[in-house]
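Numbers for residues simply follow the sequence, beginning at 1. We count ligands from 1, going down the list as the structure has it; atoms in each ligand are counted the same way.
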Amino acid sequence: MELIVEDAVIVTMAAGAGPAGAMLVRDGRIAAVGPPGEVHAAASPGAQTVRLDGATVVPGLIDAHCHVSNVGYLAAGADCSQPSAPGIPEIQARLREAAGRTPEGSWVTGSGYVEYKLRERRHPTRAELDAAVPDRPAVLYHTSLHACVLNTAALREAGLKDGQPDPPGGALGRDSQGRLDGVVFEGPMFALFERNFRHDLTRMSAAQRAHLVESAGRYFAGLGVTAACDADMRRDTLTAFAEADEAGALRPRIYGLVVHDQVDWLVSSGLRGRRSGRLAAEAVKIWSDGGMSSRTAAIHGTYPVPPYGSGILFFDLPELTAMVRDLDAQGFQVCIHAQGDRAIETVLDAYATVLAGASGNPRRHRIEHGGAMYPPMIARAAELGIVVASQPGFFSTLGDGFAEAFPGTSDQLYPFASWLRAGMTVAGSSDAPVITADPLLGIRDAILRRTGEGRVLGPAERLPARDALAIYTRGAAFAMHRENEIGSLEPGKLADFVVLDANPLEIDAERIGGVRVLATLIGGAPVYQAGDIFPG
Ligand SMILES: [Zn+2]
């Protein structure tokens, strides 16, 4: 089947090319793109024509780092994000409501809050969760997924007791009497999330698992996302994605970053590599430190805000180097979460050792986030050819917290312009469900770098609009070894594209957040559309 798209502003993102007026899609790939006359001449007589009334077409947007299955899982619980739940009473009401529809044996779950965005400007407490859900375990995840709050029943079930010391790799919040206040940071929080998610996944029927994958896919497709790296892929989720792929139910193309402790399983599972055009697992994920918004990223010096300290580093250099060396030798692309400067230095040291003697960085080993990558580290990362997958959308959602936690260096955080100037490949991403997966907000924030309260963090690091779009298309495609197939609209590439009601390269950046996605197509087929623009 052939499809001609015309009466459109087609932003191809091909190197050096301006917008085209028409595009021909044949068998799921782009057959021609250019002036309407040329495109029609290349088409067969039976080709179907869709006129877009001047709408803008951009390459399918790619989210190089998010947590697709977590999005599907948390979507079933209570939305406790701000501004939708502005204070603790609203969070309590939503947890109470979620309790009514949570099956017995599963924890009542809420997510998405940021303590400094709440009216109370603090974490909710165990007592406040008890007031909402008194008789069964309840958990409220911080949006960073590096912290959570538990009620008393959940603390009991998790085996956490007043008077116990902080567990290794984590911290427990305490009230003025030293009693646990319910807040859990890092290591034990990850363990709890995993335990709950895994537990709930195993209790799901095949139909419920399919629903989880489907609802995540619908969410991303509606935002114009045609491919996503799932940065937390494990045995059960990769299996659920493979089931969905088998059933033809995957919408965005999924590129799995499989968690490092599941690599042995992956190698023996038959799911390593490219399973289909929609599902691949070729990369491995390692966490080297904590989060920025939870103030647990491993930094030099100490945080001036709670929980204070210098953050948490999960592996020392010899351990990390050994892991990277082993994975590199097995042919995996390695993607390491590193936020604080102390973590990023450790990761660069490990990469430098493993890549010594290689020509460049052939497997495209990545740093995920790279928040506090200060100038000397940028030069080193560029020299090593490290790819960085980062999240401009953090500025408007979490940026005021960064300014408090990094009072002296907040202008240097997430240095998008410096990365590009140094010649690094930068991949745009959301880290959803940490923040919304909306790539248009990410593009806007890459241009404006403005926080929720209106300060601009690092004006010199703002990107021109074309570069902002490029990180979500070409850059992200490179970061997942797919630059020959996606990331720009050029003949031979897959027909993954998005129809927008305005051109983000032309309008005032302030307006980009309000641009509407009219349709999302993958391989030339609509996976989302606002009306009946494309034949089904
Ligand atoms: Zn992440």
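- By the salt bridge (Lys or Arg N to Asp or Glu O under 4.0 Å) test, Arg272 pairs with no residue at all, sequence neighbours left out.
- Among residues two or more places apart in sequence or in another chain, the salt bridge (Lys or Arg N to Asp or Glu O under 4.0 Å) test is passed with Glu485 by Arg274.
- Atom NE2 is the N, O or S atom of His67 at the shortest distance from the Zn ion (ligand 1).
- Under 2.8 Å from the Zn ion (ligand 1) lies no N/O/S atom of Glu368, from backbone or side chain alike.
- Salt-bridge formation is not detected for the pair Asp232/Lys285: no Lys NZ or Arg NE/NH1/NH2 atom is positioned less than 4.0 Å from an Asp or Glu carboxylate oxygen.
- In this structure, Arg364 satisfies the cation-pi test against Phe478, with its NZ or CZ atom closer than 6.0 Å to the six-membered ring centre and inside 45 degrees of the ring normal.
- For the Zn ion (ligand 1), the set of nearby N, O or S atoms under 2.8 Å includes one belonging to His65.
- For Asp431, the N, O or S atom with the smallest separation from the Zn ion (ligand 1) is OD1.
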